[in-house]
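As structure tokens, the structure follows; a few thoughts come after it.
Chain letters run A, B, ... following the sequence lines, proteins first and then strands; every chain starts at 1. All values derive from a computational prediction rather than experimental measurement.
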Amino acid sequence: MSTPDEQTPHRYTAALAGAIETAWQDRWEERGTFHAPNPAGSLADPDAAAAYPGGSLLVLDMFPYPSGAGLHVGHPLGYIATDVYARYHRMLGKNVLHCLGYDAFGLPAEQYAVQTGAHPRTTTQDNIVIMKRQLRRLGLGHDDRRAIETIDPDYYRWTQWIFLQIHNSWYDESAVRPDGGLGRARPIAHLVEQFERGERALPSSEARSWAELSHAERARVLDEYRLAYTSQAPVNWAPGLGTVLSNEEVTNEGRSERGNFPVFKKNLRQWMMRITAYADRLADDLDRVDWPEKVKIMQRNWIGRSTGASVRFPVAGQDAEIEVFTTRPDTLFGATFMVLAPEHPLVDSLVPQGDWPEGTRPAWTGGEAGPGTAVAAYRLAASRKSDVERQVETKVKTGVFTGGWAVNPLSGQRIPVFVADYVLMGYGTGAIMAVPSGDQRDYEFATAFDLDIVPTVEPGPEHDGASAWTGDGLIINSANDEVSLNGLDVTQAKARITAYLEDRGLGEGTVSYKLRDWLFSRQRYWGEPFPIVFDEDGVAHGVPDAMLPVQLPDVPDYSPKTFDPDDNSSEPEPPLSRVQDWVEVDLDLGDGRGPRRFRRETNTMPNWAGSCWYYLRYLDPLNDDALVDAANERYWIGPRGEAVAGAPAGASDPGGVGLYVGGVEHAVLHLLYARFWHKVLHDLGHLSSDEPFRTYFSQGYIQAPAYTDSRGQYVEASEVQEGPGQTFTFQGEPVQREFGKIGKSLKNMVSPDEMYAVYGADTFRLYEMGMGPLEQSKPWETRAIVGSLRFLQRLWRNVIDEDSGQVRVIDAPLDADTARILHRTIDAVRADFGSLGFNTAIARLTELNNALTKLADGVPREAAEALVLMVAPLAPHIAEELWSRLGHPQSLAHAAFPVADPAYLREDRVTCVVQIKGKVRDRLEVPADITEEALRAQVLGLPKVAEATRSGIRTVIVRAPRLVNVVPLEA
RNA sequence: GCGCACGUGGCGGAACUGGCAGACGCGCCAGACUUAGGAUCUGGUGCCUUCGGGUGUGCGGGUUCGAGUCCCGCCGUGCGCACCA
């Protein structure tokens with residue numbers, strides 16, 4: 001190859017960039033440039049930590065899974081952004097902690113192991129090596145001493161320890177928190193004491209006292225309280241994966257998020273996390289963190305808190321009640337029937353023997369001879385439908401009369417009780433009071449089944465008369481001998497009736513949640529073993545802390561037993577259950593009962609476990625005595641003096657990570673789970689902060705063009721030719737372009753390795769940051785990267801003579817124009833860097849760089865050095881190289897970021913826009929401090945203005961010094 | 001269906017509280033240096049134009065001296081939720 005280097009030997013080419021970049025990466029590593037000192041523990045340098053004038057800052061990326069496919073150009077986007085931010089803040093004098101570890105347990109390595117027989121640890125570690133190399137080449141300023149891996153027994157020891165903390169805790173609703181709120185986690189021993197002393201009543205189903213209960217019975221009682229507990233309950237079972245899944249891992253279509261396998265509800269004994277105990281705090285505390293509103297809304301929706309009342313309806317002719325939850329207790333007088341979910345336990349006892357009872361209308365029977373057969377047929381049909389089918393068959397309401405009646409506690413009316421699958425067992429109580437006049441679903445059911453409709457809220461004029469009225473209005477038809485709601489509005493009526501219900505013992509104000517407890521066990525090999533053993537009574541015991549970690553044993557076969565994906569009669573079988581000599585174990589739990597034989601828990605933890613707390617371990621990765629030293633936690637993420645912007649008045653700061661950048665795909669799963677664990681650890685006194693992520697930024701994705709042929713199959717994007725007018729061909733055949741997520745499935749992989757080779761890491765970084773706002777998704781366009789290379793080439797040339805390789809800056813003072821643009825750029829870039837506006841920062845730096853390029857006599861050193869420092873966060877290698885060649889022996893990583901001189905931000909002369917009737921007709925150079933009067937006079941003297949205002953002036957708007965708008969009288 | 005975002009040149013995108021629309025970059029056009037250019041440099045580049053100017057931020061209306069920005073109604077795209085009582 002004939003290269004330009006022959007003519008211009010010191011040009012900034014990809015080859016030179018590569019040499020500079022790897023050299024600086026080596027230097028940074030040798031010097032430990034990005035080591036952030038801790039105040040305490042093994043990485044401590046308290047004096048150094050205290051010496052930072054700007055305090056501390058923790059910058060965090062999503063915990064990556066080391067994929068076997070390697071990185072594509074979309075992956076580094078967030079890493080580069082956090083690196084720029086971290087480097088900028090380092091130059092502002094902060095002790096910045098930025099590092100990256102690996103979320104290394106997970107399904108792909110296990111599936112690969114099943115196929116090849118290679119140990120998942122081997123493939124995982126191979127993948128980590130590849131990923132580390134790719135990331136190192138990017139020049140990220142990470143503290144490599146903190147690169148933890150979840151599969152490291154020294155790490156998962158603490159994952160297991162946290163699990164035991166949670167297992168050994170319960171949520172005491174009446175305990176006062178330091179912030180004054182009610183409810184927090186406490187050690188389970190507290191609860192046991194309360195039971196022993198009789199200070200707390202046992203569950204009402206238990207007639208005996210605590211002392212009378214057996215060991216196993218006590219354990220069962222405690223499981224009702226523990227924050228991590230086992231329960232036999234309907235869970236999501238994916239036979240095709242061979243494992244159960246959490247609700248969050250099941251898609252709307254009722255399939256597994258991973259692998260897209262069908263998911264069935266199955267009753268199984270599984271580990272659960274009592275996240276519901278924290279539902280209120282998880283919802284409320286969103287007000288105290290600085291997150292995108294969109295993500296907060298997603299979490300609030302997932303938690304699904306709604307306030308209302310629970311009301312008990314007596315069953316007619318039986319000593320039984322149906323409890324319902326409603327958000328509209330004000331419409332109680334309009335409840336003309338009730339509906340139970342098909343799975344509701346009360347259904348059987350409601351159905352009378354024999355024929356349809358007196359008062360049954362023809363539409364209610366489903367064509368069956370009696371309620372017994374009708375209900376049985378309906379429940380059977382419902383049970384055969386999957387959740388998906390139930391949801392797909394929308395609109396059309398189905399159901400059948402049970403033959404049973406309840407009594408509306410306010411109106412005293414006998415109302416029929418139906419079974420219908422539009423009522424879900426999983427929400428509220430699985431039963432509703434149906435108010436067809438006030439709820440569209442009930443309205444549809446009532447019209448289909450010939451049921452009475454009693455309006456209780458006066459509809460607005462826009463009401464069509466053929467639907468439910470859900471808006472506000474005055475209450476009507478709502479009075480009995482004791483209470484009247486008539487004439488109230490909805491809000492008043494809710495309050496009045498709730499008080500009445502509570503007074504009469506008919507119900508009470510309650511809060512209901514969509515959030516369910518978190519299913520925490522998986523039937524997989526490649527995950528953290530539970531630190532749990534079971535005794536001969538089946539009682540779960542935590543393994544003593546001293547015996548942690550419970551190491552993951554080697555097994556002959558890594559695969560869980562998988563089944564036909566549609567076979568919902570199958571049962572999970574974890575791989576660890578087949579390792580008999582590991583499962584059976586003799587242990588002394590230290591409870592005074594000596595060594596006994598136990599059976600280990602053979603399920604493993606879900607992938608979320610390791611990623612729920614990794615950011616805490618970053619703070620103190622080598623600590624053997626605690627998951628994180630209290631002083632280190634406080635230093636890096638402790639609560640700050642000031643609450644985040646937008647927090648409610650009087651709110652305290654929760655502390656947490658200073659900046660967390662990641663994709664929106666974690667909005668519910670990871671971010672919710674981590675918040676939950678963090679709050680438990682906070683309640684138990686292990687953490688001073690009570691939120692993990694104080695500031696969260698949701699980044700967009702990089703999408704790349706993908707192409708489909710005439711059959712709709714994806715073709716290799718790199719081999720597609722572009723023709724004129726946005727036409728594309730693959731091997732001569734026309735193909736269609738679309739934009740999508742980069743990856744193997746769309747065959748549009750672009751590797752950062754190619755970019756390093758052709759352009760260098762600095763150019764690549766600059767391009768990714770310059771593409772557009774970080775929060776937006778945007779299309780990748782390889783050919784556009786050359787613009788970023790040109791920028792760096794011009795920067796290089798502004799400092800280095802391309803022929804001689806010598807520094808060519810001049811030691812001359814700045815001329816006025818250069819000084820002005822320099823200081824304006826500093827001012828703008830500081831604002832942009834601080835708010836992650838990297839694309840506009842790059843635009844300003846480009847303007848400055850281009851302006852310096854045009855200086856005929858060479859670039860003054862002062863301007864060159866400031867530009868190099870400002871470019872440093874974005875393109876750190878070339879900046880270090882130029883900084884060093886400019887005569888600075890120290891790395892610029894901790895150099896002070898340029899400060900704008902306000903004197904140059906003021907303008908003495910500005911361009912004033914002269915508008916006539918709002919349209920720009922002229923421009924005027926005027927002093928910046930010109931008075932309104934002077935400006936008006938000057939503008940009115942302009943020939944163009946005089947001409948336009950010959951028939952007179954209606955008004956003149958003067959906004960000195962930038963704008964004057966003259967409105968002439970109409971001719 | 002409900003909720004939330006967002007619609008600006010050929011493309012990615014700028015535009016602070018309403019005040020010069022299109023910063024910066026890609027592409028494109030012209031020129032320079034070159035045996036050569038898919039390198040580099042310089043200049044130009046919203047559209048239309050009779051070269052005066054006209055017009056222009058999805059569409060239609062409104063408020064205003066003035067609207068990409070505010071309000072109302074449509075259309076489109078994306079995301080979230082989806083019988084949640």
Side-chain angles (χ1 to χ4, degrees), chain A residues 2-5 7-8 11-13 252 292-295 297-298 300-302 304-306 308 324-328 331 335 339 341 390-391 393-397 420-424 426-435 438-442 444-445 512-515 664 667-668 698 725-726 766-767 770-773 775-791 793-794 797 802 828 831 837 839-847 849-850 853-854 911-923 954-959 962-968:
Chain A
S2 160
T3 69
D5 303 81
Q7 296 154 34
T8 43
R11 170 162 290 167
Y12 183 77
T13 61
N252 288 336
E293 203 48 42
K294 175 194 168 81
V295 176
I297 289 170
M298 284 169 72
R300 286 203 189 95
N301 284 344
W302 188 260
R305 176 167 58 187
S306 47
V324 301
F325 173 75
T326 176
T327 56
R328 294 295 304 276
T331 64
V339 185
R390 277 203 194 182
Q391 281 170 27
E393 295 165 19
T394 51
K395 298 274 188 281
V396 190
K397 294 274 183 292
D421 65 3
Y422 83 93
V423 173
L424 310 172
Y427 183 76
T429 63
I432 61 160
M433 65 173 210
V435 183
D439 182 289
Q440 187 58 27
R441 295 154 302 182
D442 298 343
E444 284 162 18
F445 193 84
S512 186
Y513 305 89
K514 248 171 75 185
L515 183 71
V664 77
V668 172
S698 179
Q726 303 233 324
L766 203 58
Y767 174 67
M771 291 173 83
E775 66 271 24
Q776 255 174 51
S777 290
K778 48 236 154 187
W780 177 262
E781 192 181 9
T782 298
R783 70 178 174 184
I785 301 184
V786 69
S788 303
L789 179 61
R790 285 177 193 150
F791 170 83
Q793 283 177 325
R794 277 197 289 272
R797 202 159 41 239
E802 286 192 335
N839 56 326
T840 45
I842 289 169
R844 304 307 291 263
L845 290 168
T846 307
E847 286 178 303
N849 194 33
N850 290 348
T853 304
K854 290 189 177 75
T911 307
C912 174
V913 172
V914 180
Q915 296 182 337
I916 293 167
K917 254 178 88 182
K919 293 197 188 281
V920 180
R921 282 297 118 97
D922 209 346
R923 289 184 173 83
R954 185 146 79 102
T955 181
V956 181
I957 286 102
V958 184
R959 292 280 178 277
R962 294 267 178 202
L963 179 133
V964 177
N965 188 10
V966 182
V967 185

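In this structure a side-chain-to-backbone donor-acceptor pair under 3.5 Å is present from K778(A) to P773(A). With hydrogens and angles ignored, the 3.5 Å screen pairs a side-chain donor or acceptor of Y767(A) with a backbone N or O of E781(A). For K917(A) (side chain) and P968(A) (main-chain N/O), no donor-acceptor pair under 3.5 Å exists by modelled atom type. At distances below 3.5 Å, not a single donor-acceptor pair connects side-chain atoms of E802(A) with backbone N or O atoms of R11(A).
Going from atom CE of M298(A) over to atom P of G3(B) covers 18 Å, rounded to whole Å. Here U64(B) presents its C1' atom at 12 Å from CD of Q915(A), a figure rounded to the nearest Å. In this structure, the CD atom of E444(A) is 14 Å from the P atom of G1(B), given to the nearest Å. Rounded to an integer number of Å, the gap from K294(A) NZ to G78(B) P is 13 Å. Across the protein-nucleic acid pair, Y12(A) atom OH and U40(B) atom C1' stand 16 Å apart, rounded to whole Å. Atoms CZ (R962(A)) and C1' (G19(B)) sit 11 Å apart, rounded to a whole Å. Between L845(A) atom CG and G25(B) atom P the separation is 12 Å, expressed in whole Å. Note: OH (Y513(A)) to P (C81(B)) measures 21 Å, nearest angstrom.
Using P as the reference atom, C70(B) and C16(B) are 11 Å apart when rounded to the nearest Å. To the nearest whole angstrom, the two P atoms, one in G58(B) and one in G9(B), are 8 Å apart. When the P atom is used for both C65(B) and C24(B), the distance is 34 Å, rounded to whole Å. Rounded to whole Å, the C1' atom of U69(B) lies 31 Å from the corresponding atom of G1(B). On the P atoms, U45(B) is 48 Å away from C81(B), given to the nearest whole Å. Atom C1' of G46(B) sits at a distance of 10 Å from the matching atom of U8(B), rounded to the whole Å. Nucleotides G22(B) and G68(B) place their P atoms 12 Å apart, quoted to the nearest Å. C79(B) and G37(B) are spaced 46 Å apart, taking the P atom of each and rounding to whole Å.
Residues passing the side-chain hydrogen bond (donor to acceptor under 3.5 Å, both in side chains) test with R959(A): none are found, sequence neighbours excluded. Residues forming a side chain to side chain contact (heavy atoms under 4.5 Å, CB included) with E293(A) (at least two apart in sequence, or on another chain): K296(A), I297(A), R300(A). R921(A) is linked by a side-chain hydrogen bond (donor to acceptor under 3.5 Å, both in side chains) to nothing, counting only residues two or more places apart in sequence or in another chain.
Checked against C81(B), A85(B), U40(B), the side chain of K514(A) finds its nearest nucleotide in C81(B). Between G80(B), C20(B), C65(B), one nucleotide has an atom nearer to the side chain of V967(A) than all others, and that is C65(B). For N965(A), counting side-chain heavy atoms from C-beta on, the closest listed nucleotide (G66(B), A85(B), A23(B)) is G66(B).
Seen from the ring of F445(A), K397(A) does not count as a face-on cation partner, given the 6.0 Å and 45° thresholds.
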Review point. Going 5' to 3' along nucleotides 27-33 of chain B, which nucleotides have protein heavy atoms under 4.0 Å from the base (write B), which only from the sugar-phosphate (write S), and which from neither (write -)?
Key: S------
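More than 90° away from 0 lies the glycosidic angle of G62(B), which makes this nucleotide anti. In this structure G61(B) sits in the anti conformation; its chi angle is more than 90° from 0.
Nearest heavy-atom pair across A667(A) and V295(A) is CB-CG1, 3.8 Å. Nearest heavy atom pair, residue M298(A) against residue V668(A), reads O-CG2, 4.0 Å. Contact detail for G770(A) and N839(A): the closest heavy-atom pair is O-CB, 3.8 Å.
Within the nucleic acid shown, S306(A) comes within 4.0 Å of sugar-phosphate atoms alone, with no base atom in reach, counting heavy atoms only. Using a 4.0 Å heavy-atom distance criterion, L963(A) is classed as a base contact. Across all strands, R300(A) comes closer than 4.0 Å to no nucleic acid atom at all (heavy-atom distances). At a threshold of 4.0 angstrom between heavy atoms, the contacts of E847(A) are confined to the sugar-phosphate backbone, with no base atom among them.
Residues D439(A) and I432(A) form no side-chain contact, since every pair of their non-hydrogen atoms from C-beta on lies 4.5 Å or further apart.
Distances shown here put every side-chain N or O of R959(A) at or beyond 4.0 Å from the OP1 or OP2 atom of C65(B). Between C41(B) and R797(A), a contact under 4.0 Å exists linking OP1 or OP2 to a side-chain N or O. Between N850(A) and G25(B) there is a side-chain N or O to OP1 or OP2 distance below 4.0 Å. OP1 or OP2 of C65(B) has not a single side-chain nitrogen or oxygen of R921(A) nearer than 4.0 Å.
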Check your understanding: Pairs counted as Watson-Crick or G-U wobble with both distances under 3.5 Å: what dot-bracket string results for RNA chain B, using | for bases tied to another strand?
Key -> (((((((..(((......[....)))((((((.......))))))(((....)))..(((((..]....))))))))))))....
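To the nearest 0.5 angstrom, Q793(A) atom CD is 11.5 Å from T853(A) atom OG1.
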Do any N or O atoms of the protein come closer than 3.5 Å to N or O atoms of nucleotides 13-18 of chain B, and which pairs are they?
unit_1: G13(B); atom_1: OP1; unit_2: Q776(A); atom_2: OE1; d: 3.3
unit_1: A14(B); atom_1: OP1; unit_2: N839(A); atom_2: ND2; d: 3.2

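Along RNA chain B, the nucleotide closest to V913(A) and the one closest to K919(A) are compared, and the more 5′ of them pairs with V913(A). Mapping G430(A) and Q793(A) onto RNA chain B by nearest heavy atom places Q793(A) closer to the 5' end of the strand.
Using cut-offs of 30° and 60° on the angle between ring planes, the pair Y427(A) and F325(A) is perpendicular.
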